[in-house]
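Computation of the quantities below employed the complete heavy-atom set of this structure, encompassing side-chain atoms and omitting hydrogens, waters and symmetry-equivalent molecules.
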Amino acid sequence: MPGATRGRANTDADSGDARARLVAAAVEFFARKGFHATTTRDIATAAHMSPAALYVHHPSKEDLLYIISRDGHQQTLRLVRGAVAVSPDPAVQLATIADRFAEHHATHHETARIVNYELTALSPDHLEEITAVRRAIEAEVRAVVERGVAAGIFDTPDIAMTTMALLSLGVDVSRWYRDDGTWTPERIGTYYRSLALRIVGSRAS
């Protein structure tokens with residue numbers, strides 16, 4: 001029946017809106033108070049729902065953290081892969097990764113802090129899944145550094161450690177960035193672009 005179909009569509013939309021509001025509220029409180037200090041009541045109240053209603057959409061507070069972390073890491077992986085695809089030149093690839101990675105961690109600093117600094121609060125199964133995505137991100141960046149060294153464009157004695165340094169540098173932006181600070185995300189991205197090339201000892205012209 002057409003009427004029943006419309007009712008089901010509205011129910012699905014309402015359910016999706018409720019889930020989105022819960023995730024947004026969780027981001028707000030996890031970023032402000034930390035995962036462990038945040039209560040389900042905090043999240044539900046901010047989403048204009050009852051604490052009991054939260055469990056209709058999510059089995060636990062940890063499930064919200066997992067969704068935030070999963071989506072954040074998958075977005076970062078897409079960002080890195082997109083940066084690699086812009087050029088076959090390792091120097092351009094690395095500069096683009098550093099630029100977009102740092103800008104992203106500044107623009108989305110609240111979510112990025114949760115994604116990177118609340119990992120230990122995930123369940124073992126969820127942590128294993130997220131760790132696999134983190135390894136994929138690391139592998140993409142390491143491959144760029146490896147290609148640059150092999151081509152004689154980069155000069156770094158330890159590719160693995162250099163890769164971790166590059167990633168850590170970008171991730172840490174989310175820890176110290178503030179919306180009312182002097183530097184814009186775009187300015188940070190541009191600076192990190194040149195900084196990354198210096199870290200790998202780039203000989204590109």
Side-chain angles (χ1 to χ4, degrees), residues 1-83 100-137 140 167 170-181 184-186 188-189:
M1 296 173 58
T5 301
R6 286 197 297 271
R8 176 60 182 275
N10 289 337
T11 299
D12 290 345
D14 291 344
S15 179
D17 177 65
R19 285 194 295 269
R21 284 189 284 122
L22 286 166
V23 170
V27 168
E28 176 188 348
F29 276 91
F30 291 165
R32 187 197 313 169
K33 298 175 62 174
F35 174 80
H36 293 293
T38 296
T39 66
T40 54
R41 182 173 294 277
D42 289 332
I43 297 168
T45 300
H48 306 292
M49 299 168 64
S50 69
L54 183 151
Y55 295 106
V56 173
H57 304 284
H58 299 281
S60 66
K61 183 176 70 168
E62 187 274 340
D63 186 67
L64 279 163
L65 176 63
Y66 161 67
I67 289 170
I68 295 165
S69 188
R70 179 199 64 194
D71 292 352
H73 278 91
Q74 289 177 347
Q75 183 179 6
T76 300
L77 180 58
R78 290 193 297 270
L79 179 152
V80 170
R81 286 176 171 167
R100 294 181 182 179
F101 196 82
E103 182 176 336
H104 173 79
H105 280 74
T107 303
H108 306 285
H109 58 95
E110 289 188 342
T111 303
R113 280 202 304 276
I114 298 165
V115 163
N116 288 290
Y117 296 112
E118 295 283 6
L119 289 170
T120 58
L122 291 168
S123 70
D125 287 346
H126 286 162
L127 179 58
E128 182 178 0
E129 179 182 339
I130 299 305
T131 298
V133 183
R134 291 174 72 88
R135 286 175 179 157
I137 295 168
E140 291 284 348
L167 288 170
V171 165
D172 199 51
V173 171
S174 67
R175 180 186 59 80
W176 56 256
Y177 182 81
R178 295 294 179 269
D179 290 320
D180 59 355
T184 64
E186 294 78 13
I188 293 169

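When all heavy atoms of Arg175 and Arg178 are compared, the closest pair comes out as O-NH1, 3.3 Å. For the residue pair Val171 and His105, the shortest heavy atom distance occurs at CA-CD2, 3.7 Å. Scanning all heavy atoms of the two residues, the minimum distance from Leu54 to Ala44 falls at CD1-N, 4.3 Å. Among all heavy-atom pairs drawn from Ala46 and Ala25, the shortest one is CB-CB, 3.7 Å. Between Ala121 and His36, the shortest heavy-atom distance links the atoms CB-NE2, 4.0 Å. Of all heavy-atom pairs spanning Val115 and Ile68, the tightest one is CG2-O, 3.6 Å.
Remark: His126 pairs with Tyr66 by the ring-ring contact (aromatic ring centres under 6.0 Å, His included) rule, at least two apart or across chains. Here His73 pairs with nothing under the ring-ring contact (aromatic ring centres under 6.0 Å, His included) rule; sequence neighbours left out.
Distance CG/Asp71 to OG1/Thr76: 10.5 Å, rounded to 0.5 Å. Remark: Ser69 OG to Phe35 CZ distance equals 11.0 Å, nearest 0.5 Å. Note that CZ of Arg41 is 13.5 Å distant from NZ of Lys61, once rounded to the nearest 0.5 Å. With rounding to the nearest 0.5 angstrom, the CG atom of Leu22 is 9.5 Å from the CG atom of Asp17. Considering CD1 of Ile114 and NE2 of His109, their distance stands at 11.0 Å, rounded to 0.5 Å. Rounded to the nearest 0.5 Å, atoms CZ (Arg100) and CD (Glu103) are 9.5 Å apart.
Residues Val173 and Phe101 have side chains not in contact (no heavy-atom distance under 4.5 Å, counting atoms from C-beta outward). Between Leu127 and Arg134 the shortest side-chain heavy-atom distance does not fall below 4.5 Å. Proximity of Phe29 to Arg32: side-chain heavy atoms (C-beta onward) are separated by under 4.5 Å at one or more points.
Between Glu129 and Arg70 there is no salt bridge, since no side-chain nitrogen of the basic residue lies less than 4.0 Å from a carboxylate oxygen of the acidic one.
A donor-acceptor pair is defined here as one N or O able to donate and one able to accept, closer than 3.5 Å; no such pair exists between the side chain of Glu110 and the backbone of Val27.
Using a 3.5 Å distance cut-off with no hydrogens or angles, the side chains of Asp42 and Thr39 do pair a donor with an acceptor.
In Arg135, the CZ atom is not crowded: 12 or fewer heavy atoms of neighbouring residues, nucleotides or ligands sit closer than 6.0 Å.
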### Message
Assess the residue pair Phe30 and Ile43 against the criterion (side-chain contact (heavy atoms from CB on, under 4.5 Å)); give the C-alpha distance rounded to whole Å, side-chain angles, the decisive distance to 0.1 Å, and a yes or no.
### Response
CA-CA 9 Å; Phe30 291 165; Ile43 297 168; 4.0 Å; yes
